Amino acid sequence: MGAYETQGFKLDNSGKRMVVDPICRIEGHLRVEVNLDSNNVIRNAVSTGTMWRGLEVILKGRDPRDAWAFTERICGVCTGTHALTSVRAVEDALGIQIPENANTIRNLMQLNLYIHDHLVHFYHLHALDWVDVVSALSADPKRTSELAQSISNWPLSSPGYFRDLQNRLKKFVESGQLGPFMNGYWGNPAYKLPPEANLMAVAHYLEALDFQKEIVKVHTIFGGKNPHPNWLVGGVPCPINVHDTGAVGALNMERLNLVKSIIDRCKEFVEQVYIPDLLAIASFYKGWLYGGGLSSQNVLSYGDIPEKANDYSPANLLLPRGAIVGGDLKTVHPVDLKDPAQIQEFVSHSWYKYADESKGLHPFDGVTEPNYKPEGKNFKGTRTKIEQLDEEAKYSWLKAPRWKGHAMEVGCLSRMLLGYVQPKQYPFIKDTIDAVLKKLDVPVTALFSTLGRTAARGIETLYCADLQVRQFDKLMAAIKAGDTATANISKWDPATWPKQANGAGFTEAPRGALGHWIKIKDTKIDNYQCVVPTTWNGSPRDPKGQIGAFEASLMNTPLAKADQPLEILRTIHSFDPCLACSTH
Amino acid sequence: MTTHHAPSPTGVDDDAVARAPSLKSIYVYEAPVRLWHWVNALAIVVLAVSGYFIGSPPPSVPGEASDNFLFGYIRFAHFAAAYVFAVGFLARLYWGLVGNDHSRELFSIPVLTGAYWREIGAMLKWYAFLRPYPNRYVGHNPLARISMFFAIFLGGIFMLVTGFALYGEGAQAGHWSHTLFTSWVLPLFGQSQTLHTWHHLGMWMIVLFVMVHVYAAVREDIMGRQSMISTMLSGYRMFKK
Amino acid sequence: MTETFYEVLRRQGITRRSFIKFCSLTASSLGLGSTFVPKIAHALETKPRTPVIWLHGLECTCCSESFIRSAHPLTKDVVLSMLSLDYDDTLMAAAGHQAEAIIEEVKKKYKGNYIVAVEGNPPLNEDGMFCIHGGRPFVEVLKETCADAKAVISWGACASYGCVQAAKPNPTRATPVHQVISGKPIVRVPGCPPIAEVMTGVVTYMLTFDRIPELDRQGRPKMFYGQRIHDKCYRRPHFDAGQFVEQWDDDAARRGYCLYKMGCKGPTTYNACSTVRWNGGVSFPIQSGHGCIGCSEDGFWDKGSFYDRVTDIKQFGIESNADKVGGTAAAVVGAGIAVHAGLSALSRARINHSQENQQGGN
Ligand code: HEM
Ligand code: HEM
Ligand code: NFV
Ligand code: SF4
Ligand code: SF4
Ligand code: F3S
Ligand SMILES: [Mg+2]
């Protein structure tokens with residue numbers, strides 16, 4: 001194919017090939033190859049998932065009630081979201097209705113995951129793409145303090161606080177042992193923050209590191225631990241007892257108070273640290289609006305956070321559901337996980353085998369058969385030493401999911417866009433986005449960018465911090481009204497199950513639309529398929545040559561320094577890739 | 001011993017007495033063996049029942065935890081019987097050294113003796129109704145011997161080793177059972193859950209043995225050519241016909 | 001100037017006096033005489049932070065996620081002051097060539113003096129290409145990196161045992177670290193994931209005492225893996241009493257009775273959850289109402305449903321448990337005995353009858 005056009009992008013693989021492997025500060029193993037033209041602009045992008053574990057193969061023949069634990073281990077970063085998706089799939093298959101409280105507690109855990117995952121992503125996985133740690137050394141602590149106080153009421157903002165921090169940083173740098181900051185791209189002209197903003201960001205990098213461990217305690221209370229809390233088909237495993245003997249062995253007033261204090265602190269931290277930081281950093285980068293990729297054309301969300309239990313219709317979901325295609329923001333298409341013509345996975349460019357690879361398979365009929373084969377006329381290297389991949393052949397451990405044949409972007413930007421275009425149902429999203437755009441003084445189209453994705457994540461975190469408080473209030477109101485049920489056990493015993501049953505479960509994982517499809521036969525799993533957010537975003541090409549969201553987002557981005565992949569990292573990181581998820 | 005004559009109303013039947021075979025009896029099972037047999041049998045019953053309940057506990061009891069110790073007692077019964085079983089096993093081993101020839105039969109099988117295997121064949125035919133009568137055996141019959149060797153001698157060792165390895169987990173490092181057993185048995189089985197499963201399977205193996213054993217003992221007593229149950233009580237083997 | 005271990009301790013409020021006391025404790029625990037105390041003190045006062053290379057194989061990154069949850073010590077103090085986390089895909093600033101260069105540099109500069117921490121494991125099928133790192137099989141990178149290390153830490157169930165990707169049929173042949181690395185001390189810190197404070201506890205032990213912790217036969221630090229969840233479970237009185245949760249969300253569950261009948265694997269799981277607990281001591285699985293699933297045990301994925309007390313046996317090719325196998329065998333044998341007894345009675349009657357006929361014919 002060489003040079004061709006797809007989805008409005010002109011792909012041209014003739015220039016200098018640059019390989020970035022490993023991409024760090026993500027979950028899992030990802031490789032990116034790009035072709036640069038003579039101006040160091042990316043004209044062709046190739047994204048490759050470089051791991052596979054075979055969970056779909058491993059799940060066959062197992063007890064459906066156990067599947068949540070297996071799928072939860074697909075990823076420890078978005079921990080719990082696969083578990084939730086899995087119990088929903090099993091409940092769908094067996095027709096299990098969960099109690100209201102179970103739904104609320106699940107919502108609380110899911111929202112809590114969002115907040116944790118987004119915060120850690122912003123500060124610990126993404127910030128170093130925007131923040132120059134070394135430049136922070138030359139900041140004036142007093143001016144840093146002024147900056148901090150001008151944007152937020154957060155109390156840790158005195159000149160002395162920033163001076164101590166700077167001294168610690170200095171000592172650290174002078175030791176010559178730079179640890180995780182070693183060989184960073186410090187001083188690259190793509191960094192735009194003044195030293196004071198850098199110092200403030202470094203301070204919050206460390207504060208966020210301290211705080212994130214507090215957030216997850218909500219999971220610990222309801223699920224016993226984090227990462228990888230416990231779940232239950234039919235409800236949640238934690239019983240409620242606020243009145244009676246033995247309450248200390250269950251969810252009691254003390255536990256609920258602990259939850260309350262954590263979710264209040266979450267709201268505080270997001271409002272007073274995360275959002276102000278985000279706005280401050282963004283204000284220096286609003287001239288750099290690359291990386292929109294597919295977001296202005298095709299976005300997809302399954303929606304999540306059902307307000308009432310067992311109702312998964314769009315009207316009942318506090319996170320929006322739907323699809324936008326061809327950039328038509330006026331039309332939100334309904335999404336049906338069970339329609340065989342909507343969601344399909346292709347493997348023509350993936351290291352898997354189908355009987356007919358020109359066709360896609362709906363997950364109910366999904367097949368996962370690995371077939372490692374690095375090949376093609378442009379492939380360089382050997383089977384165990386890949387120097388350059390050929391994107392015209394098979395080149396990734398990710399399958400290529402498509403919705404009605406379209407490559408889709410999923411994730412926080414998709415969700416916020418779908419909320420933005422449905423302001424009646426999602427006024428909070430609409431209003432917050434408008435406020436942010438106004439504050440930064442940029443048009444709506446600025447959302448379709450790397451920065452837009454990063455901002456959407458922050459806006460969503462704010463929304464979730466608010467929802468978390470509201471879901472908690474709902475839980476308390478239900479308990480007050482005397483409802484303490486947390487599990488429905490009527491179909492716990494496999495003897496009560498039909499001989500065969502199919503089900504689909506979904507969540508909006510922090511990284512986007514997540515679906516699990518299960519086929520149960522004789523009380524065992526007959527087929528289990530996961531189509532995962534990073535599989536959508538990191539998708540390789542399909543038989544039509546359409547590129548996925550990662551690849552699209554890199555197109556036409558100039559690099560400030562041809563030997564430093566800073567901009568590539570920045571844009572890829574804005575998706576918060578998770579490769580363990582994507583290939584599973 | 002069958003008579004088809006109606007007995008004389010006087011109770012005197014000289015004819016029958018003359019035709020009757022002489023009853024011979026041989027002292028086979030010395031007192032320690034007999035004592036051990038019944039103590040051991042009892043211990044195994046307690047172990048199997050308590051062990052089953054350890055795997056599948058009875059319904060919960062109401063009330064304060066501190067007022068109840070049901071599961072504790074079930075486990076205690078298991079461990080107490082386990083010690084009886086263990087001490088008995090060691091004592092029986094000792095008696096195998098100092099007792100009569102029959103006291104050693106439990107601990108070996110004469111694999112190299114062709115005659116032994118022929119007798120096994122003979123016993124199998126007897127159980128398959130291919131022979132009208134079994135042969136006469138003073139000690140254990142060859143089939144009983146081989147099943148006891150595997151189920152009780154080897155099986156007993158297996159249950160002791162796995163049992164005390166499990167026991168040492170609770171008793172913990174420093175306890176003799178941990179040092180002697182847990183320390184090497186646990187790594188050998190890989191992990192504790194697997195060890196539980198094998199110990200549990202061991203129970204069923206012994207249950208099967210007991211079922212067959214008791215059936216065979218009663219049947220031999222009735223249909224065979226020598227006494228059985230009374231032998232395990234008195235020690236004397238009596239031969240009929 | 002290098003911030004030394006001594007300075008770290010000082011900054012954390014430890015006095016010079018207790019520092020020296022600590023040195024003499026170290027000396028005696030290493031079996032060294034008091035003359036070594038000044039030498040140890042000197043070493044700690046001047047030596048640079050130990051470099052750590054943290055590698056990722058096939059895994060889910062929950063071990064990293066757990067690690068950053070450490071409350072004491074705080075992760076930032078571990079990373080900034082106690083060790084030098086020179087390579088860690090998940091956190092490091094650099095990528096690609098710039099990242100790869102660090103491994104080479106550490107290997108050269110700190111030959112024999114760095115620690116390799118491994119999260120996840122290498123798959124061996126497809127020549128190792130189920131996990132590719134820099135275009136090469138992860139297993140190669142792992143071997144090369146460990147070659148000059150002082151010690152290796154196997155984080156989590158993945159590195160220690162294989163974990164979920166090694167569950168049957170283990171399509172990638174995911175293999176625990178100790179099966180591909182030899183000749184190095186390897187500390188296994190199992191759990192899926194391990195508890196944060198156990199992870200930082202193991203690391204700080206190694207840095208503080210400059211030796212690997214005492215290990216059990218399975219290579220786990222005795223200090224955290226010497227007892228079962230069940231040995232220190234606060235629900236144990238209900239276990240002994242015979243008070244069990246019989247069904248999810250029943251009254252027993254609301255009173256916090258023992259979860260044994262719901263399949264709790266606490267009695268067969270070695271870990272510190274019931275004592276150290278999770279996320280700063282807030283809770284642990286059992287406290288939140290779900291049984292332990294045995295996540296720090298070898299092959300816990302393949303023992304049958306997490307909700308069955310009597311666990312599955314796969315040894316026989318069929319899927320079953322001891323009671324099903326044993327019960328079926330007992331039923332078959334019982335029926336066999338009944339039939340045999342019946343036939344015996346019949347044959348005996350026939351023989352008697354024929355004898356009678358013979359004798360009667362006389
Ligand atoms: C838990 C139950 C039992 C176990 C584990 C058991 C075990 C044994 C063992 C190990 C021997 C061999 C003794 C030796 O050579 O030292 C034996 C012999 C014998 N047992 Fe049992 N026994 C059990 C119950 C019974 C019962 C209920 C009876 C009677 C109905 C019985 C009758 C006999 C007889 C007759 C012998 C001698 C067998 C022969 O000489 O071939 N046993 N038993
Ligand atoms: C004929 C001999 C024995 C039988 C039939 C037997 C049977 C059983 C059974 C069925 C279990 C339950 C296993 C499970 O599912 O977890 C068990 C557990 C156990 N047995 Fe035995 N056992 C025997 C001998 C012993 C001996 C000699 C010991 C040594 C002390 C022993 C110690 C234990 C221990 C410690 C447990 C675990 C208890 C617990 O988990 O609380 N057993 N046994
Ligand atoms: N599902 C899932 Fe994921 C993905 N992709 C999610 O947010 O991270 Ni590990
Ligand atoms: S051991 Fe478990 S928690 Fe750690 S990386 Fe592996 S799957 Fe994740
Ligand atoms: S809940 Fe589990 S660990 Fe705790 S006592 Fe019961 S069986 Fe043991
Ligand atoms: S499931 Fe794992 S977290 Fe602890 S309580 Fe059991 S070892
Ligand atoms: Mg899949």
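Every chain is numbered from 1 and lettered A, B, ... according to where its sequence line falls, protein lines coming before strand lines. Predicted model only: the values in this text are computed from it and were never measured.
Annotation: side chain of C:F130 is not in contact with side chain of A:Y372 (no heavy-atom distance under 4.5 Å). By the 4.5 Å heavy-atom criterion applied to side chains, C:T172 and A:W52 are counted as neighbours. Side-chain atoms of C:C295 and A:K225, non-hydrogen and from C-beta on, do get closer than 4.5 Å to each other. In this structure, C:Q98 and A:Y185 have side chains that are in contact, with non-hydrogen atoms separated by less than 4.5 Å. Taking the side chain as every heavy atom from C-beta outward, A:R73 and C:C192 approach each other to under 4.5 Å. With contacts defined as side-chain heavy-atom distances shorter than 4.5 Å, the pair A:R31/C:I132 does not qualify. In this structure, A:S175 and C:R49 have side chains that are in contact, with non-hydrogen atoms separated by less than 4.5 Å. A:E27 is not listed as a side-chain neighbour of C:E65, based on a closest heavy-atom distance of 4.5 Å or more.
Residue contact with chain A, scored on non-hydrogen atoms closer than 4.5 Å, is absent for C:V245. Using a 4.5 Å cut-off between heavy atoms, C:P137 contacts chain A through both its backbone and its side chain. For chain A, the nearby part of C:I293 is the side chain; its heavy atoms alone come within less than 4.5 Å. Neither the backbone nor the side chain of C:C273 comes within contact range of chain A; no heavy atoms are under 4.5 Å apart. Neither the backbone nor the side chain of C:A174 comes within less than 4.5 Å of any heavy atom of chain A. Neither the backbone nor the side chain of C:Y257 has a heavy atom closer than 4.5 Å to any heavy atom of chain A. For chain A, the nearby part of C:S70 is the backbone; its heavy atoms alone come within less than 4.5 Å. Heavy atoms of C:R277 lying under 4.5 Å from chain A are absent altogether. Contacts between C:D88 and chain A at a heavy-atom distance below 4.5 Å are absent for every atom of the residue. Residue contact with chain A, scored on non-hydrogen atoms closer than 4.5 Å, involves the side chain of C:Y110 exclusively. For C:L74, the part lying near chain A is the side chain, with the backbone staying farther off; criterion is any non-hydrogen pair under 4.5 Å. Of the atoms belonging to C:E100, it is side-chain heavy atoms, and not backbone ones, that fall under 4.5 Å from chain A. Contacts of C:A71 with chain A are made by both backbone and side-chain atoms, with heavy-atom separations under 4.5 Å.
Taking all atoms of both residues into account, the shortest heavy-atom contact from A:P227 to C:P193 is O-CD, 3.6 Å. Of all heavy-atom pairs between C:H97 and A:V19, the closest is NE2-O, 4.0 Å. Between C:I68 and A:K213 the shortest heavy-atom distance is O-CB, 4.4 Å. Of all heavy-atom pairs spanning C:A95 and A:L569, the tightest one is CB-CD2, 3.7 Å. Taking every heavy atom of both residues into account, C:W301 and A:A69 meet most closely at CH2-O, 3.4 Å. Residues A:G76 and C:C62 come closest through the heavy atom pair CA-CB, 3.4 Å.
Within 6.0 Å of atom CG in C:D251, 12 or fewer heavy atoms from other residues, nucleotides or ligands are found, so the atom counts as exposed in its surroundings. The environment of NZ in C:K76 is crowded: more than 12 heavy-atom neighbours from other residues, nucleotides or ligands sit within 6.0 Å.
With chain C as the partner, the residue from A:L251, A:I568, A:L209, A:L128 showing the most heavy-atom pairs under 4.5 Å is A:L209. Annotation: maximal heavy-atom pairing with chain A below 4.5 Å, among C:G289, C:G128, C:G96, occurs at C:G96. Among the candidates A:V20, A:L232, A:L55, the residue making the largest number of heavy-atom pairs closer than 4.5 Å to chain C is A:L232. Ranked by heavy-atom pairs shorter than 4.5 Å toward chain C, the options A:K170, A:H124, A:R255 are led by A:R255. With chain C as the partner, the residue from A:I240, A:D63, A:T486 showing the most heavy-atom pairs under 4.5 Å is A:T486. Note: A:P180 leads A:P180, A:G49, A:G249 in heavy-atom pairs under 4.5 Å with chain C. If you tally non-hydrogen atom pairs under 4.5 Å between each of A:N226, A:L206, A:I23 and chain C, the highest count goes to A:N226.
Using cut-offs of 30° and 60° on the angle between ring planes, the pair A:W492 and C:W248 is perpendicular.
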Discussion item. One pair to check against side chain to side chain contact (heavy atoms under 4.5 Å, CB included): A:I386 and C:M129. What are the steps and the verdict?
Written reply: CA-CA 10 Å; A:I386 300 170; C:M129 296 302 268; 3.8 Å; yes

Worksheet item: Could you go step by step and tell me if C:H56 and A:H29 meet the side chain to side chain contact (heavy atoms under 4.5 Å, CB included) rule?
Response: CA-CA 8 Å; C:H56 296 251; A:H29 301 267; 4.1 Å; yes

Item to complete: Assess whether side-chain hydrogen bond (donor to acceptor under 3.5 Å, both in side chains) is satisfied between A:T384 and C:D127, documenting all intermediate values.
Response: CA-CA 7 Å; A:T384 54; C:D127 304 314; over 6 Å; no

Item to complete: Tell me, with the steps shown, if A:D244 and C:R254 meet salt bridge (Lys or Arg N to Asp or Glu O under 4.0 Å).
Response: CA-CA 9 Å; A:D244 262 342; C:R254 294 173 183 198; over 6 Å; no

Item to complete: For salt bridge (Lys or Arg N to Asp or Glu O under 4.0 Å), just list the numbers for C:D77 and A:R168, CA-CA rounded to whole Å, side-chain angles, deciding distance to a tenth of an Å, and then say yes or no.
Response: CA-CA 11 Å; C:D77 290 332; A:R168 186 171 187 188; 2.7 Å; yes

Discussion item. For a side-chain hydrogen bond (donor to acceptor under 3.5 Å, both in side chains) check, start with the C-alpha distance between C:S305 and A:R62, then their side-chain angles and the critical distance, and finish with the verdict.
Written reply: CA-CA 8 Å; C:S305 171; A:R62 298 189 184 258; over 6 Å; no

Worksheet item: Please walk me through it: do A:R53 and C:N170 pass side chain to side chain contact (heavy atoms under 4.5 Å, CB included)?
Response: CA-CA 8 Å; A:R53 289 172 298 160; C:N170 191 356; over 6 Å; no

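Defined by atom type and a distance below 3.5 Å, a donor-acceptor pair is missing between the side-chain atoms of A:N241 and C:R255.
A donor-acceptor contact shorter than 3.5 Å is absent between the side chain of A:T220 and the backbone of C:N279. A distance-only check finds no donor-acceptor pair linking the side chain of A:N230 to the backbone of C:P285 [under 3.5 Å]. Although no hydrogens or angles enter the test, the distance criterion places no donor-acceptor pair under 3.5 Å between the side chain of C:D249 and the main chain of A:A485. Under a 3.5 Å cut-off, the side chain of C:H133 and the backbone N or O of A:D21 do not form any donor-acceptor pair.
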